[in-house]
Amino acid sequence: MIRTISTHGDRICVGDMTQSFIFLKYTKDRNELLMFADDSTPRYTTCGTLVDYQTIAGGDKFGNMFVLRLPDQLLDDGTATSSASTNSMEQSLWDANPVHGASNKLIQLNQYYIGDIMTSITKTSVVTGAKEVLLYSTIQGRIGIFLPMLTRSDVEFFQNL
């Protein structure tokens, strides 16, 4: 039950309503989609957006916002660096267990309870030239942002505020 589809280059990230997010790679020469990473926690996904090439942010039907990232040891083709001699998508598919999904699992970076079901989330710049934020909306009409804090002084300012 596909809820969201996001692409970046030849990578496709699919958000399923009951199985969270799955990363796929499109191989043009074979014209096929290969699953190389998925989430180990089943989540009832309502929305999602790619933050960068390795990271996706999403929301679930229980009012949580979460950020997932691919493991650092993955190469651009979706294979792990640990198997130097058999570094191919076929080996990655061979290592996959149909019961446990893909051979690589997404890492949860954070999870935040916002108290309402998110209907959409997008990475955008609110003001031209400003840093990008994650802008979200909820089922009850709330609009909010997740603002990245880049310096320690930003964190201290908002804690004191």
Side-chain angles (χ1 to χ4, degrees), residues 1-114 117-125 131-137 144-151 154-155:
M1 294 185 288
I2 294 175
R3 180 72 177 110
T4 64
I5 297 177
S6 302
T7 63
H8 189 279
D10 58 354
R11 277 191 182 169
I12 302 168
C13 186
V14 177
D16 186 78
M17 288 181 71
T18 60
Q19 297 299 318
S20 190
F21 288 100
I22 301 165
F23 275 85
L24 306 164
K25 176 164 176 61
Y26 175 70
T27 55
K28 188 175 183 179
D29 56 340
R30 293 184 181 178
N31 194 27
E32 63 185 1
L33 293 171
L34 301 173
M35 178 175 64
F36 68 92
D38 64 351
D39 193 5
S40 60
T41 305
R43 302 173 198 271
Y44 295 92
T45 306
T46 58
C47 60
T49 187
L50 284 172
V51 178
D52 60 23
Y53 195 61
Q54 302 278 91
T55 312
I56 187 151
D60 65 15
K61 76 174 191 174
F62 300 110
N64 298 312
M65 181 274 190
F66 54 90
V67 178
L68 305 170
R69 178 172 286 160
L70 289 168
D72 291 335
Q73 72 269 15
L74 284 184
L75 299 174
D76 284 340
D77 63 352
T79 58
T81 57
S82 60
S83 58
S85 62
T86 58
N87 196 5
S88 66
M89 282 304 278
E90 288 81 13
Q91 183 64 35
S92 178
L93 288 173
W94 182 260
D95 292 339
N97 183 342
V99 175
H100 301 294
S103 58
N104 301 299
K105 297 299 177 192
L106 297 170
I107 300 166
Q108 180 178 314
L109 296 181
N110 71 2
Q111 183 167 329
Y112 183 76
Y113 178 70
I114 57 174
I117 300 170
M118 293 174 58
T119 55
S120 69
I121 186 169
T122 187
K123 181 180 170 187
T124 186
S125 179
K131 56 185 166 183
E132 291 182 319
V133 298
L134 290 176
L135 179 70
Y136 71 90
S137 64
I145 64 168
F146 289 99
L147 177 70
M149 305 235 180
L150 302 176
T151 63
D154 286 346
V155 174

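We're numbering straight along the sequence, starting at 1. What's counted below: heavy atoms across the whole structure, side chains too, no hydrogens, waters or symmetry copies.
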Point to revise | Candidate pair Asp39 and Lys105, rule salt bridge (charged side-chain N to carboxylate O under 4.0 Å, His left out), full reasoning | key: CA-CA 5 Å; Asp39 193 5; Lys105 297 299 177 192; over 6 Å; no
Review point. So, Ser20 and Thr45: side-chain donor and acceptor under 3.5 Å apart, yes or no?
Key: no
Check your understanding: Should Leu33 and Ile12 count as side-chain neighbours, where that means a heavy-atom distance under 4.5 Å?
Key -> yes
Review point. With side chains defined as the heavy atoms from C-beta onward, is the minimum distance between Ile121 and Leu135 less than 4.5 Å?
Key: no
**Study point:** Side-chain touch Leu134/Met65, heavy atoms, less than 4.5 angstrom
**Key:** yes
**Study point:** Thr122 and Thr49: side chain donor to acceptor below 3.5 Å
**Key:** no
Review point. Do side-chain atoms of Asp16 reach the backbone of Met1 as a donor and acceptor pair under 3.5 angstrom?
Key: yes
Check your understanding: Are any of the side-chain heavy atoms of Val14 and Leu24 separated by less than 4.5 Å?
Key -> yes
Review point. Quick one: ring pair (Phe, Tyr, Trp, His ring centres under 6.0 Å) partners of Tyr26, sequence neighbours excluded?
Key: none
Review point. Does any non-hydrogen side-chain atom of Tyr112 lie less than 4.5 Å from one of Phe146?
Key: yes
Study note, to complete from the structure: For Gln111, the side chain to side chain contact (heavy atoms under 4.5 Å, CB included) test, sequence neighbours excluded, returns Arg43, Asn64, Phe66, Gln108
Check your understanding: Is Lys25 positioned over the aromatic face of Phe36, cation under 6.0 angstrom from the ring centre and no more than 45 degrees off axis?
Key -> no
**Study point:** Atom pair CD1/CD of Ile22 and Gln19 - distance to nearest 0.5 Å
**Key:** 7.0 Å
Point to revise | Any side-chain heavy-atom pair of Tyr136 and Thr119 under 4.5 Å | key: no
Practice item. Would you check if the side chain of Arg11 reaches a backbone N or O of Tyr53 as a donor-acceptor pair within less than 3.5 Å? Key: yes
Check your understanding: Between Thr46 (side chain) and Met118 (backbone), is there a donor-acceptor pair under 3.5 Å?
Key -> yes
Practice item. Look up atom CZ in Arg3 and atom CG in Asp60, then write down how far apart they are to the nearest 0.5 Å. Key: 12.5 Å
Review point. Just wondering, do Phe23 and Leu70 contact through their side chains at under 4.5 Å, heavy atoms?
Key: yes
Check your understanding: Considering residues at least two apart in sequence or located in another chain, which fulfil the side chain to side chain contact (heavy atoms under 4.5 Å, CB included) criterion with Leu109?
Key -> Thr55, Val67, Arg69
Review point. Hey, does Pro148 have a side-chain heavy atom less than 4.5 Å from the side chain of Val133?
Key: yes
